[in-house]
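Notes follow the structure.
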Amino acid sequence: MKDFWYIDAATIDVSNFNFEKYIARTPKVSEFIESSRFIIVAPKGYGKTLLLKYVYHNVASKYEGQKIITVPANSYIDYFDHSLPYEGKLVDFLSSFDTWQCLWQLSLAISIIIHYSIRSRDSEYLSDFCDILKNEKIKFNNILVLIEKITSKLKANESIRDYYKIQANPSSILSNILSLPLGNIQSSIPSALDRSHQWCLSIDRPVYVFIDQIDQGISEYPLEIWKNAQNGIVGAIFRIHNSNRQIKIYASVRKEAWDSCIAELHTQYHDIVSELTYSEPDLENIFEHAVRTYESTETVKLPDKYAYSPIVAFTGLEKVENVWNNIQETPFKYMLRHTLRRPRDLIMFGEEIHRLSKKNSLGETNFRDSVNRIPGEEIQKQYMKEVARFTTSLQYTNVERFFSFFRRNILTKSEIQDICRKYNNHFDACISYHGGNCRDCNAVYHIFCDLYRIGLLGIVTRHETKQDITYSQHFETTGKVRSTFLPDSNYYLIHPAVDHYIKVILENLLYSPVRGAVVGHGENWTEKHKALVCLADIDGIINQHEAVIGVDILRKCFNELNKEILSDTNKDSILKSLGRFKTNMTSNGLLSASSFINNVISSVDKLVELIKQW
């Protein structure tokens with residue numbers, strides 16, 4: 001068994017990695033591996049790099065000893081990492097999809113031609129290509145010099161050092177082109193593209209190219225460049241493969257970029273693109289598969305359950321008690337609610353559980369604490385940075401100040417309007433506050449819209465059938481950033497992954513989840529949830545008046561009432577208890593705190609009406 005769980009696929013060495021053992025074959029994973037699709041689209045943390053390496057491994061195994069060409073020759077995958085100069089005209093030039101499609105098609109074609117010549121030892125083929133580029137007066141001097149050096153070594157029957165092979169990789173060719181004066185690039189692309197296309201038509205043996213992490217290579221550049229650099233390679237791969245079926249180019253694209261493409265391109269490239277998605281059963285399958293892969297009966301807490309219930313065996317828990325909600329969940333369900341529904345999140349949990357188990361310190365409390373803590377740390381260290389470019393306000397937000405206004409994880413519509421107005425310095429023209437919606441609001445910061453867009457703020461959605469009307473909680477899927485404005489909802493939900501981030505990392509000690517209310521994507525929403533939110537309001541009011549004489553007795557009565565409601569006792573019994581609670585508020589020396597009493601009574605009256613609707 002491994003002494004650690006693989007979290008970053010970039011660290012995996014293809015030469016000695018058992019992909020068949022480590023990869024869980026979900027429907028979408030199988031679709032990409034088994035079909036003739038070349039582009040894998042997914043958000044960060046979905047396993048794009050792992051699957052590209054798997055395809056490379058399959059190709060290398062299938063054609064072992066045969067005359068195929070893989071690019072890059074010095075590694076498994078070509079990683080694009082280029083520092084673009086911030087020149088205004090170049091930035092404008094690179095903001096176009098058509099530009100990137102041409103740049104990628106040209107870079108890929110030149111790279112394939114060079115690597116084909118090296119592997120075939122065909123100096124004449126490469127020399128002729130160089131000559132025709134010169135005759136067309138193509139001003140790619142640095143690339144022409146590279147081609148001439150390789151041609152010379154081929155003619156002299158010398159070996160080609162890795163240095164030259166690296167310079168001939170697609171990302172290196174593209175970087176060399178972009179280092180040239182803009183005028184040279186613009187004037188040379190049409191002819192160079194035409195000639196390289198012609199030369200690629202004569203490639204007569206299988207060529208496989210693998211490119212990854214384009215999104216990371218240009219992460220510091222404007223959003224339009226970031227999107228089009230990725231979408232452009234899809235168009236380039238489509239063109240090259242259609243002209244010569246011997247050439248197969250695999251690449252990864254972030255979903256946030258792919259979703260920005262116009263519908264016509266989605267339709268045109270549909271046959272070569274595979275969008276990676278995971279259902280809840282898929283994610284459970286992935287985690288269960290990981291447990292079977294990384295652990296054994298010798299390393300899990302409950303070895304007798306390993307064969308038929310590996311997650312229970314691994315965690316040592318049949319159920320996990322949710323201390324805030326007085327309910328029990330399976331270990332996987334508890335973990336899943338705290339993730340952004342990405343495989344990477346679950347593998348991070350697995351790595352921590354493995355570490356705790358080795359130290360013999362894995363128990364229900366440590367398991368629960370770890371699941372609560374890890375997502376908050378991930379949000380702070382990485383997720384906020386990853387998604388900032390897809391937001392309109394969050395990247396400019398003082399998150400510590402913003403989240404300091406939060407008191408609980410379920411907010412009413414009026415509460416988020418008040419928080420929004422406070423953060424926008426009491427912007428009185430807030431359309432939402434006056435009955436409109438965020439779409440028409442001119443406030444500077446639309447932070448709640450951003451939180452919804454990136455999956456950290458949920459809403460309550462209505463589902464109507466002929467037989468029934470039900471409600472459930474909905475959080476946007478990671479990577480789906482098309483949602484622009486916050487939908488209308490009577491209640492808004494803070495993702496469980498954010499709880500630790502707000503309360504501990506940002507040190508908002510007044511924040512706490514609503515007791516009894518389970519928050520998570522797909523969880524039910526009932527009339528009882530509304531009552532629990534109201535109950536939390538009363539709890540907050542009492543907490544704010546701890547110095548009032550007699551409040552300790554009121555607190556005791558409230559705790560008993562709280563316990564009764566959470567235990568789902570008979571509705572009539574709860575209403576009688578609420579009546580007794582109101583009577584207690586006018587005794588024990590509390591009359592002097594009239595505003596305090598009025599606030600509590602008002603909330604209790606609201607709670608009574610909500611409970612009547614159960």
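Checked against a 6.0 Å centroid threshold, the rings of Phe210 and Tyr76 do not count as neighbours. A centroid separation of 6.0 Å or more is found between the aromatic rings of Tyr56 and Tyr250. A centroid separation of 6.0 Å or more is found between the aromatic rings of Trp100 and Phe93. Checked against a 6.0 Å centroid threshold, the rings of Tyr294 and His354 do not count as neighbours.
Closest non-hydrogen pair, Tyr501 versus Val399, comes out as OH-CG2, 3.5 Å. Considering every non-hydrogen atom in both Asn231 and Ser260, the closest pair reads ND2-OG, 3.4 Å. Phe349 approaches Met335 most closely through the heavy-atom pair CE1-O, 3.5 Å.
A salt bridge links Glu352 with Arg373: at least one charged nitrogen is closer than 4.0 Å to a carboxylate oxygen. Taking 4.0 Å as the cut-off between side-chain N and carboxylate O, Arg355 and Glu351 do not count as a salt-bridged pair. A salt bridge between Lys227 and Glu256 is absent, with no side-chain N of the basic residue lying under 4.0 Å from a carboxylate O of the acidic one. A salt bridge does not link Lys28 with Glu275: every distance from a Lys NZ or Arg NE/NH1/NH2 to an Asp or Glu carboxylate oxygen is 4.0 Å or more.
The aromatic rings of Tyr125 and Tyr116 sit perpendicular, their planes meeting at an angle over 60°, well past the 30° parallel limit. Under the 30°/60° scheme for interplanar angles, the aromatic rings of Tyr54 and Phe19 are found to lie parallel. Ring geometry for Tyr63 versus Tyr208: interplanar angle of 30 to 60°, hence tilted. Ring-plane geometry between Trp5 and Phe314 is classed as parallel, the angle between the planes falling under 30 degrees on a 0 to 90 degree scale with a further cut at 60.
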Next item on the list: Could you give me the CA-CA distance, side-chain angles and deciding distance for Arg342 and Asp345, then say whether salt bridge (charged side-chain N to carboxylate O under 4.0 Å, His left out) is met?
Entry: CA-CA 6 Å; Arg342 304 179 300 180; Asp345 301 333; 2.9 Å; yes
Margin query: Test side-chain contact (heavy atoms from CB on, under 4.5 Å) on Val209 and Ser111; report intermediate values, then the result.
Written below: CA-CA 10 Å; Val209 185; Ser111 176; over 6 Å; no
Next item on the list: Mind running ring pair (Phe, Tyr, Trp, His ring centres under 6.0 Å) on Phe17 and His57 for me, showing each step along the way?
Entry: CA-CA 9 Å; Phe17 189 80; His57 166 77; 8.6 Å; no
Check: Going through the checks in order, is the side chain to side chain donor-acceptor pair (under 3.5 Å) test met by Ser279 and Asp282?
Finding: CA-CA 5 Å; Ser279 65; Asp282 289 340; 3.1 Å; yes
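In this structure a side-chain-to-backbone donor-acceptor pair under 3.5 Å is missing from His495 to Leu457. At least one donor-acceptor pair closer than 3.5 Å links the side chain of Thr293 to the backbone N or O of Lys21. Between the side chain of Arg245 and the backbone N or O of His241 there is at least one donor-acceptor pair closer than 3.5 Å. Looking only at distances, a side-chain donor or acceptor of Arg389 sits under 3.5 Å from a matching main-chain atom of Ser219. A distance-only check finds no donor-acceptor pair linking the side chain of Asn285 to the backbone of Pro281 [under 3.5 Å]. Under a 3.5 Å cut-off, the side chain of Arg292 and the backbone N or O of Ala307 do form a donor-acceptor pair.
Residues Thr49 and Asp212 have side chains that bring a donor and an acceptor to within less than 3.5 angstrom of each other. With 3.5 Å as the limit, one finds a donor-acceptor pair spanning the side chains of Glu295 and Thr299.
At least one side-chain heavy atom of Ile353 sits under 4.5 Å from a side-chain heavy atom of Thr315. The closest side-chain heavy-atom distance from His521 to Arg337 is not below 4.5 Å. Side-chain contact between Ile247 and Ile249: present, with at least one pair of heavy atoms (C-beta onward) separated by less than 4.5 Å. Residues Leu103 and Leu178 form a side-chain contact, since some pair of their non-hydrogen atoms from C-beta on lies under 4.5 Å apart. Contact of the Thr277 side chain with the Thr26 side chain is not registered, since no non-hydrogen atoms from C-beta on lie closer than 4.5 Å.
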Listing, residues 156-170 side-chain donor-acceptor contacts under 3.5 Å, not counting sequence neighbours, or none:
{"unit_1": "Glu158", "atom_1": "OE1", "unit_2": "Lys153", "atom_2": "NZ", "d": "3.4"}
{"unit_1": "Asn169", "atom_1": "OD1", "unit_2": "His115", "atom_2": "NE2", "d": "3.3"}
{"unit_1": "Asn169", "atom_1": "ND2", "unit_2": "Asn74", "atom_2": "OD1", "d": "3.2"}

N/O donor to acceptor pairs below 3.5 angstrom from side-chain atoms of residues 36-44, sequence neighbours left out:
{"unit_1": "Arg37", "atom_1": "NH1", "unit_2": "Val273", "atom_2": "O", "d": "2.7"}

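Surrounding CD of Glu124 are at most 12 heavy atoms belonging to other residues, nucleotides or ligands under 6.0 Å away. More than 12 heavy atoms of other shown residues, nucleotides or ligands fall within 6.0 angstrom of atom CD in Glu34.
Residues satisfying the ring pair (Phe, Tyr, Trp, His ring centres under 6.0 Å) criterion with Phe390, sequence neighbours excluded, are Trp226.
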